[in-house]
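Since we're looking at a predicted model, the values are computed, not measured.
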Amino acid sequence: MSAVRSLRKLGRAALLGPSSRHALPDAIEHVAKAHRAHHPGADLDTLRRAYVLAESSHRGQTRKSGEPYITHPLAVTLILAELGAETTTLTASLLHDTVEDTDVTLEQVRAEFGEEVGYLVDGVTKLEKVDYGAAAEPETFRKMLVATGSDVRVMSIKLADRLHNMRTLGVMRPEKQARIARVTRDVLIPLAERLGVQALKTELEDLAFAVLHPEEYDRTRELIREHNAGADPLAEIAESVRAVLREAGIAAEVLIRPRHFLSVHRARAKRGELGPCDFGRLLILVAENADCYAVLGELHTCFTPMMSEFKDFIAVPKFNLYQSLHTAVADTGGRMAEVLVRTRRMHRVAEAGVIALGDPHGAPGHSSDPHDEAAAADDGRADPTRPGWLERLLEWQSHAPDPDTFWAELRDDLAQDREITVFCTDPGGPGRTAALHLPAGATCVDAAYARYGAAGHALVGARVDGRLAALGTVLSDGDSLQLLMASEGTSGPSPQWLEHARTPTARIAIRTWLDACAQGGERAEDADGDTRPGPPAGARATTHAPAAPASAPGAPGRAARPRERPAAVAGLPGAPVRLARCCTPVPPDAVVGFAVRGGAVTAHREGCPTVARMTAAGRGTVAVRWQDSGAGCRVTLYAESLSRPHLLADLTEAIAAEGVAVVSAEVEPPREHRVRHTYTLRLEDAGELPRLMRAMREVPGVYDVVRATRTQP
């Protein structure tokens, strides 16, 4: 109701129009009051001039509610002022719809209020549907995110804008309400979380919850109403905590922090029936970091701690700068209370996130207002204006080929709510370690593309904490990683890599490669006649997700030809022959063919299990013979060996020394100190195969090398 009353006050003040030339208009007095509460020395003349321009340019426009349109930028600005935004942000907020909805131009805004305000207004201005059609919404978000990369205040204004629009969503048609609420849930709320603006995030969550799940919302509202009708047992626990802290001589403020609607709903879904202490948490505010731990010690001494609930986000802040101690304690009556302990500055950052940190272009730790003591209390942590997740987002969005891909990948990326750090060491030697910030659940494939960009295509293996690991291995926070890369042009991703990729950077790069293969490269067929893309000219594609080391330094594989020369001919006139991948026949193997879709013939070795399976199914055979020319071929080999250090590097070096290109490589987990390596190789001439196999057998530890025959399902 307070939001509705505030909106009506804004409407009445706006209808009166601006005051005298130099007086502060009545409509922004409440904005000025909220602003001065955080920035006592702020110059309000800029706000006055921004309001006068906004009011005059929006005059005559109304919202669907019937209120004067100027009430919207005023309400958005008030939201930001209450969160402690500095003057430049508030100025841009007042003007944020002028370029989009009035005759005011961006050049006018820049000339009157400066480049920073112009940049912020431009950043939140929507793209026209007339020009972009259905792509207008995703491309607008792409534009905002790119602008946010240089100045996070762009997204601060957008979040406040969406909050006010969600507050007044009831005037829209139900289907439009649902569409806006879904975008809010999938995109804006995760962005608010990542920027640490909890005050906006929690209200947006409740508003979206009410629209998208009205029955669950009503049920939750009734539970909260029933709880509020009685005495809150948290009040008694809070008083006990105050007494304990007073006796310990710790100055602290103990508050009851009610859970918001969606939080109550989630707690009920997780725990079943809620207890009387489950509708809120205790919030303890202190002055210094050391006081937080002093409070924790008293709580765990004087109450019964639930150690499974303890988390230290002060020593290890969340990736959105959130800091607090989390714990839970039970009093003598067995009533359990969740407790948050933080300093007042931590609380401000937890509530307002990047908004509380002021001007990202000012001096480190300071806002644009010199009297902002909270912002001046720099604690040495990293500047949040370029957090790791935003760097990754800006990188992959530039490679998204179309708006639909960008939109889908953005939603998936923002669904990742935790971040890990792994330490990647280049194989070239010590001193080349890079810290990679990745979303939780990221794999070695994701790390390769995060480290090397499109050159991640060359990944053929990885070591995690010194041990060989499959490319799909999920990384953990703090892992030490070594990525093993093939020589340029000798390897590339396969479709199976998409199963391992968790980040948009990796997925987009892999899909781009595979699309290029499908459009411009050779097409090989599998045993059942399904076509598979080959690599584009000048590159090779792996046939499965490899997990083996790169070619040895100084022994690069040969550049690939854009097409293989025909190696065999069939008894059917004009029918092209494809060599089956399940058994990779090469001259002079005895081969048999089967007609497949498209008029082609797939050739298998006579002993291949697929031959028996297809013959039993009634498939007729086609005669196939080898040509006399020394045609290139692809072959798969199993190397059986005893496990030892550097074995994979030695094997790969032996292969490269024979001038053979590695298409893909795979390592099975060791069993009883024995390990099997699977190599798919491309030879210029089939006659090279016996010499290659002898060279591989001569590698110490390798006791057998055989041709592979994979059983088809």
Side-chain angles (χ1 to χ4, degrees), residues 196 198-199 202 231-260 263 266-267 270-271 274-353 356-357 365 373-382 384 418-421 476-478:
Q198 295 296 318
T202 54
D232 188 351
L234 280 178
E236 295 180 29
I237 301 176
E239 190 53 46
S240 298
V241 170
R242 291 186 190 104
V244 165
L245 298 180
R246 277 197 304 268
E247 186 175 344
I250 301 173
E253 185 178 4
V254 181
L255 307 172
I256 297 175
R257 187 175 178 84
R259 290 184 182 273
H260 63 104
S263 179
R266 286 171 175 164
K270 179 181 178 181
R271 304 173 187 174
L274 295 178
C277 293
D278 291 336
F279 288 83
R281 291 178 285 192
L282 297 185
L283 172 63
I284 302 177
L285 300 178
V286 294
E288 305 291 340
N289 288 19
D291 296 335
C292 295
Y293 294 98
V295 168
L296 183 70
E298 293 299 324
L299 291 175
H300 285 188
T301 300
C302 300
F303 299 89
T304 303
M306 307 298 174
M307 296 308 298
S308 61
E309 299 296 320
F310 173 68
K311 296 182 180 67
D312 187 345
F313 293 118
I314 294 178
V316 185
K318 291 186 178 182
F319 68 95
N320 61 1
L321 303 180
Y322 175 86
Q323 288 185 291
S324 282
L325 295 178
H326 288 205
T327 190
V329 296
D331 67 0
T332 54
R335 297 176 299 186
M336 190 184 77
E338 295 181 46
V339 185
L340 310 177
V341 186
R342 59 180 69 145
T343 67
R344 288 178 176 81
R345 184 174 189 272
M346 289 176 192
H347 182 58
R348 183 183 172 195
V349 174
E351 291 294 290
L357 299 179
E373 296 178 2
D378 180 28
D379 61 5
R381 287 184 286 120
R418 290 196 306 112
E419 190 170 87
I420 63 172
T421 300
S476 299
D477 195 39

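Annotation: the span from Cys292 atom SG to Leu285 atom CG amounts to 9.0 Å, rounded to 0.5 Å. From Phe313, atom CZ reaches atom CE of Met346 across 13.0 Å, with rounding to the nearest 0.5 Å. The CD atom of Glu309 lies 5.5 Å from the CE atom of Met336; values are rounded to the nearest 0.5 Å. Distance CG/Asp312 to NE2/His326: 10.0 Å, rounded to 0.5 Å. Taken to the nearest 0.5 Å, the CD1 atom of Ile314 stands 7.0 Å off from the OG1 atom of Thr343. Once rounded to the nearest 0.5 Å, the distance linking CG of Leu340 with NE2 of His347 reads 10.0 Å.
Between Arg257 and Glu351, at least one side-chain N (NZ, or NE/NH1/NH2) sits under 4.0 Å from a carboxylate O, which counts as a salt bridge.
Partner of Val254 under the side-chain contact (heavy atoms from CB on, under 4.5 Å) criterion, chosen from Ile284, Val341, Leu283: Ile284.
Scanning both residues, Ala238 and Ile256, for their nearest heavy atoms gives CB-CG1, 4.4 Å. Annotation for Ala356 and Val349: closest pair CB-CA, 4.4 Å, computed over non-hydrogen atoms. The shortest non-hydrogen separation linking Ala337 to Leu234 is CB-CD2, 3.7 Å. The two residues Leu245 and Ala252 come nearest to each other via the heavy atoms CD1-CB, 3.8 Å. For the pair Asn289 and Tyr293, the tightest heavy-atom approach, listed with the atom from each and the gap, is O-CD1, 3.4 Å.
You'll find the side chain of Ser240 stays beyond 4.5 Å of the side chain of Asp331, heavy atoms only.
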Counting only pairs under 3.5 Å, give me each side-chain donor-acceptor contact of residues 296-305, with atom names and distances, residues two or more places apart or in other chains.
{"unit_1": "His300", "atom_1": "NE2", "unit_2": "Thr327", "atom_2": "OG1", "d": "2.8"}
{"unit_1": "Thr301", "atom_1": "OG1", "unit_2": "Gly297", "atom_2": "O", "d": "2.7"}

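When the side-chain hydrogen bond (donor to acceptor under 3.5 Å, both in side chains) test is applied to Ser263, the partners found at least two apart in sequence or on another chain are Arg259. Shown here are the side-chain contact (heavy atoms from CB on, under 4.5 Å) partners of Arg246, two or more places apart in sequence or in another chain: Glu239, Arg242, Ala243.
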Checklist entry - Going through the checks in order, is the side-chain contact (heavy atoms from CB on, under 4.5 Å) test met by Val316 and Lys311? => result CA-CA 9 Å; Val316 185; Lys311 296 182 180 67; over 6 Å; no

